Amino acid sequence: MGWISLAIGVVAVFLGGLWLMQGLGLIVIDPILCVGDCEPLEGPSASWAVLGFIVLTLGAVAIAYGLKRLGKQRLR
């Protein structure tokens, strides 16, 4: 369970960081895979910044949990 938490946490930190930076207007990336009428995010977006921060925080918690579980397994 530790490795799974760690892997999910790393992905969540990177994805949350990307969304946070896009929401703050620091990074502008055109949509890559679009099903409907997609437009690039223009300027800062509070909703993307908040969502990115939440995902980033949850990813950091998952990494900490995974490292803690792996540390306990090594002590056995």
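Note that the structure is a prediction, hence the values are computed from the model and not measured.
- When the side chains of ILVMFWY residues are joined at heavy-atom separations under 4.5 Å, either directly or via intervening members, Ile63 and Phe53 end up in a single hydrophobic cluster.
- Both Phe14 and Leu67 sit in one connected hydrophobic cluster of ILVMFWY residues. Membership requires side-chain heavy atoms under 4.5 Å apart, directly or through other members.
- Leu70 contributes atom CG, which lies 10.5 Å from atom OH of Tyr65 (distance to the nearest 0.5 angstrom).
- In this structure, Ser5 and Gly66 approach most closely via the heavy-atom pair CB-CA, 3.9 Å.
- For Leu15, the CG atom sits in a packed shell: over 12 heavy atoms of surrounding residues, nucleotides or ligands are nearer than 6.0 Å.
- With Ile54 as the partner, the side-chain contact (heavy atoms from CB on, under 4.5 Å) test is satisfied by one option alone out of Thr57, Leu56, Leu58: Leu58.
- There is no path of hydrophobic side-chain contacts, each under 4.5 Å, that joins Val13 to Val11.
- Minimum interatomic distance between Ala49 and Leu20 (heavy atoms only, all atoms of both residues): O-CD1, 3.3 Å.
- The nearest pair of heavy atoms linking Gly9 to Ala62 is CA-CB, 3.8 Å.
- For the pair Trp3 and Leu6, the minimum side-chain heavy-atom distance is below 4.5 Å.
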